[in-house]
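One structure is given below, encoded as C-alpha cells.
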Amino acid sequence: IYLSCLGGGSSGRTVSATVFAQPNHVTGVQCPYVFTFHATISFSQPGPISYRWIRSDGAMGPIITKNPSTAGHYGESETWRLGGPGMTFSGWERLEFLSPYHAYSNQQHISISCLGRRLS
C-alpha cells in the first residue's frame, strides 16, 4: 500500500490519498482482464473536494466532487479492462485532485501478460 500526502492549501486543509490494486501484476491470464483500483481519500476539514482518475495511456475519468460535512475519509473504486491474446502491457492509474488545490496521489503500477497469440 502506498500513501501519498498531498499537502495543504492556504487554509491549512490537507487531503491525502492511497491508491492500490490487488493484484497489480498478472501473467498467463485469459484476456481481457479487469484491474480494480481502490482509493482511500482522507481530509482534515469539511468542504468540497474535486478529483478524477487518470491513467498512463492518457485517459481521464469524469470529475468527481464530494462535499463532506466533517473531517474523515472515504473510499472510491475504478476499473480498467485490458488485454487481448498475446498482449503485454505496463501502466499506472492515480487520482488527480483539482480542489481544494491541485495535486496527485501515488501512481499504482500494473502489468499484464495475456495468454495466446496476437493475430496479424
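For this chain, numbers begin at 1 and follow the sequence in order.
Nearest heavy atom pair, residue P46 against residue P68, reads CB-O, 3.3 Å. Between S44 and G12 the shortest heavy-atom distance is OG-O, 4.0 Å. G84 approaches C114 most closely through the heavy-atom pair O-CB, 3.1 Å.
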Evaluate Q108 against E93 for side-chain contact (heavy atoms from CB on, under 4.5 Å), listing each step before the verdict. CA-CA 5 Å; Q108 173 59 72; E93 190 155 353; 5.6 Å; no

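F37 and F35 have tilted rings, their planes meeting at an angle from 30° to 60° on a 0 to 90° scale.
L98 is not connected to Y51 by any chain of hydrophobic side-chain contacts under 4.5 Å among Ile, Leu, Val, Met, Phe, Trp and Tyr, and they are in different clusters. I64 and I49 fall within the same hydrophobic cluster, defined by Ile, Leu, Val, Met, Phe, Trp and Tyr side-chain heavy atoms under 4.5 Å apart, directly or through other members. Each of I54 and I63 belongs to its own hydrophobic cluster when Ile, Leu, Val, Met, Phe, Trp and Tyr are linked at side-chain heavy-atom distances under 4.5 angstrom.
In this structure, L95 CG and W53 CH2 are separated by 4.5 Å, a value rounded to the nearest 0.5 Å. The CG atom of N24 sits 7.0 Å away from the OG atom of S111 when rounded to the nearest 0.5 Å. For the atom pair CZ (R13) and CD (Q45), the distance works out to 7.0 Å, reported to the nearest 0.5 Å. Separation of atoms CZ (F97) and NE2 (H102) is listed at 11.0 Å; rounding is to 0.5 Å.
Checking side-chain atoms of T36 against main-chain N and O of T79 turns up no donor-acceptor pair under 3.5 Å. Between the side chain of Y101 and the main chain of V15, a donor-acceptor pair closer than 3.5 Å is present. The backbone N or O of V19 lies less than 3.5 Å from a partner atom in the side chain of N106, making a donor-acceptor pair.
When only modelled atom types and interatomic distance are considered, T65 and S50 share a side-chain donor-acceptor pair under 3.5 Å. Side-chain contact annotation: T27 with S113, donor-acceptor N/O pair under 3.5 Å absent.
Not counting sequence neighbours, the partners of W80 by the ring-ring contact (aromatic ring centres under 6.0 Å, His included) test are F89. By the ring-ring contact (aromatic ring centres under 6.0 Å, His included) test, H38 is found to be paired with F20, residues two or more places apart in sequence or in another chain being considered.
The list of salt bridge (charged side-chain N to carboxylate O under 4.0 Å, His left out) pairs with a residue in residues 49-71, not counting sequence neighbours, reads R52-E96, R55-D57, K66-E76.
If you run side chain to side chain contact (heavy atoms under 4.5 Å, CB included) between I112 and each of P32, C31, P23, only C31 comes through.
Heavy-atom neighbours of H73 NE2 from other residues, nucleotides or ligands within 6.0 Å: at or below the threshold of 12.
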